[in-house]
There are 2 protein chains.
Amino acid sequence: MCQTVDMNDDARTPAEEVGVLLKEAQSLLHQRMDERLRPLGLSVPQYACLQALRDSPGITGSELARRVFVSRQSMNVLLQGLAGRGLVERSEQPGPRRERATVLTSAAAGLLDEARGAVAGVAGTMTDGLPADDVARLRALLAACRDALAGAPSTADGRP
Amino acid sequence: MCQTVDMNDDARTPAEEVGVLLKEAQSLLHQRMDERLRPLGLSVPQYACLQALRDSPGITGSELARRVFVSRQSMNVLLQGLAGRGLVERSEQPGPRRERATVLTSAAAGLLDEARGAVAGVAGTMTDGLPADDVARLRALLAACRDALAGAPSTADGRP
DNA sequence: CAGCATGTGTCAACATGCTGACACTGGACA
DNA sequence: TGTCCAGTGTCAGCATGTTGACACATGCTG
């Protein structure tokens, strides 16, 4: 893990450049998503939360927080907001480990479909200039970077 | 340029998957950088600010804010903190357009070199598992995504 | 059985970033 | 020349996220 990088000149290492590009691309993507989602009354974390709940209904708040990359407390207030708008429903009687299972309501399904369309459009503008095999390659490379940073081998979760 | 996205099933489009991977990788990279930078007394935005000042000395605070992807106000308080620690110096007499040129101090140079080494190490762990040409390809693909998101005004919803 | 580690939900205090607003400067344009 | 507009720095208020702490439930271990 110890790479003695040469810091004596102005040049950035290719790895650093990838890091900068990563931040720039993600920041712009987040910004574009926010522009599209806000008219629907959703923030990007809220959309990510709904999307995660759609993929895994009945999930606990803590697991949700991990997937959306926020703390349990932030996810809690986020869920309170969504519950107040009738988009999610939290089981009142806690489960085996004091867990409160959370599910989407039917009202959320329609809104989420609309939001998914908007997000897919934004993501499309990002990759439309690239041939399909380049997109696939980019996906594989990003997955490799993520796994390397997570430290977990995780066998690159094959999801074709 | 054809993204008539099919939202009727659970599948995500390849573009969406790239977006999710982008967020996951960037979030993990930010986390790892923070772990390395905090012992040096720097946050990630502070490091990015110093790095930008190293690349372009005498830059204005607003331009700095744009490069670091924060607002002018946030950059202002960030610069106040750095100035209080003697890492940057802001010209007291404003320039042509009330601008206050900001430069690094000699004390910052040493700290920044150390921080750059740490960041380069983190970035290295991200790309060490990839061959050099894959890193170059990843860089080119990310740059293409960034440019597409930065240049595209907003015509992604459907085909107008 | 008692004790303890783990996982979860929640509350309070704190930090950070952003939006809105204002003052000031310099250049463009009628 | 006078006026408007873009760019910058700054202040106040608000929204959001995080850390730290506590209570509760479950399962493992002595």
Side-chain angles (χ1 to χ4, degrees), chain A residues 23 26-28 30-35 37-39 41-50 52-53 56 58-85 88-103, chain B residues 23 26-28 30-35 37-39 41-50 52-53 56 58-85 88-103:
Chain A
K23 173 181 179 172
Q26 200 275 333
S27 182
L28 286 172
H30 189 283
Q31 190 175 325
R32 295 288 173 272
M33 283 176 61
D34 189 80
E35 291 170 356
L37 254 22
R38 197 155 295 274
L42 287 177
S43 69
V44 177
Q46 282 173 334
Y47 165 76
C49 175
L50 294 179
L53 279 176
S56 310
I59 208 177
T60 110
S62 294
E63 178 62 24
L64 211 39
R66 278 186 289 268
R67 300 200 187 185
V68 185
F69 284 95
V70 296
S71 61
R72 301 187 306 254
Q73 298 86 336
S74 300
M75 180 53 68
N76 196 27
V77 305
L78 199 157
L79 284 175
Q80 286 176 359
L82 291 177
R85 293 169 54 187
V88 304
E89 196 128 340
R90 310 192 71 184
S91 69
E92 209 48 58
Q93 45 238 8
R97 210 189 222 91
R98 209 193 189 191
E99 315 163 354
R100 297 178 64 185
T102 308
V103 293
Chain B
K23 172 179 181 174
Q26 200 277 334
S27 182
L28 286 172
H30 190 283
Q31 190 175 324
R32 296 287 174 272
M33 284 177 60
D34 189 79
E35 293 169 1
L37 255 22
R38 198 156 295 274
L42 288 177
S43 69
V44 177
Q46 282 174 335
Y47 166 77
C49 176
L50 293 179
L53 279 176
S56 311
I59 207 177
T60 116
S62 295
E63 178 61 25
L64 211 38
R66 278 186 287 268
R67 298 200 189 185
V68 185
F69 285 95
V70 296
S71 61
R72 288 171 300 170
Q73 298 85 337
S74 301
M75 179 54 67
N76 197 27
V77 305
L78 199 157
L79 284 176
Q80 286 176 359
L82 291 178
R85 292 169 53 187
V88 305
E89 197 129 338
R90 312 192 70 185
S91 69
E92 208 46 60
Q93 45 236 8
R97 211 189 220 93
R98 208 192 189 190
E99 315 164 352
R100 298 177 64 185
T102 308
V103 292

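Convention: sequence-line order gives letters A, B, ...; per-chain numbering from 1.
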**Asked** Quick check: are there more than 12 heavy atoms from other residues, nucleotides or ligands sitting under 6.0 Å from CD of Glu35(B)?
**Response** yes
**Request:** Would you sketch DNA chain D in dot-bracket for me? Only Watson-Crick or G-U wobble pairs with both distances under 3.5 Å count, crossing pairs as [ ], other-strand pairs as |, the rest as dots.
**Result:** ||||||||||||||||||||||||||||||
Check whether any side-chain N or O of [X] sits under 3.5 Å from a backbone N or O of [Y] as a donor-acceptor pair, and report yes or no.
X: Gln46(A); Y: Ser43(A); answer: yes
X: Arg90(A); Y: Leu79(A); answer: no
X: Ser62(B); Y: Arg72(B); answer: no

[atom1] of [X] versus [atom2] of [N]: gap in Å, rounded?
X: Arg66(A); N: dT8(C); atom1: CZ; atom2: C1'; answer: 9 Å
X: Asn76(B); N: dC11(D); atom1: CG; atom2: P; answer: 7 Å
X: Leu64(B); N: dT10(D); atom1: CG; atom2: P; answer: 13 Å
X: Glu99(A); N: dT26(D); atom1: CD; atom2: C1'; answer: 10 Å
X: Leu79(A); N: dC11(C); atom1: CG; atom2: P; answer: 14 Å
X: Glu35(A); N: dC18(C); atom1: CD; atom2: P; answer: 15 Å
X: Ile59(A); N: dG9(C); atom1: CD1; atom2: P; answer: 11 Å
X: Arg72(A); N: dA12(C); atom1: CZ; atom2: P; answer: 17 Å

The side chain of [X] is closest to which nucleotide in this list: [options]?
X: Ser74(A); options: dT8(D), dT18(D), dT8(C); value: dT18(D)
X: Gln73(A); options: dG20(C), dC18(C), dA12(C); value: dA12(C)
X: Thr60(A); options: dG20(C), dG9(D), dT8(C); value: dT8(C)

**Prompt:** Going through the distances and angles, do Gln31(B) and Val44(B) end up as a side chain to side chain contact (heavy atoms under 4.5 Å, CB included)?
**Reply:** CA-CA 9 Å; Gln31(B) 190 175 324; Val44(B) 177; over 6 Å; no
**Request:** Run the numbers on Leu50(A) and Leu82(A) for side chain to side chain contact (heavy atoms under 4.5 Å, CB included), then give the verdict.
**Result:** CA-CA 9 Å; Leu50(A) 294 179; Leu82(A) 291 177; 3.8 Å; yes
**Request:** Tell me, with the steps shown, if Gln80(A) and Val88(A) meet side chain to side chain contact (heavy atoms under 4.5 Å, CB included).
**Result:** CA-CA 9 Å; Gln80(A) 286 176 359; Val88(A) 304; over 6 Å; no
**Request:** Answer yes or no: does a side-chain N or O of Ser62(B) lie under 4.0 Å from OP1 or OP2 of dG9(D)?
**Result:** yes
**Asked** Can you check whether Arg90(A) has a side-chain N or O nearer than 4.0 Å to OP1 or OP2 of dT10(C)?
**Response** yes
**Request:** Measure distances between side-chain N and O atoms of Gln80(B) and base N and O atoms of dG9(D), and say whether any donor-acceptor pair falls under 3.5 Å.
**Result:** no
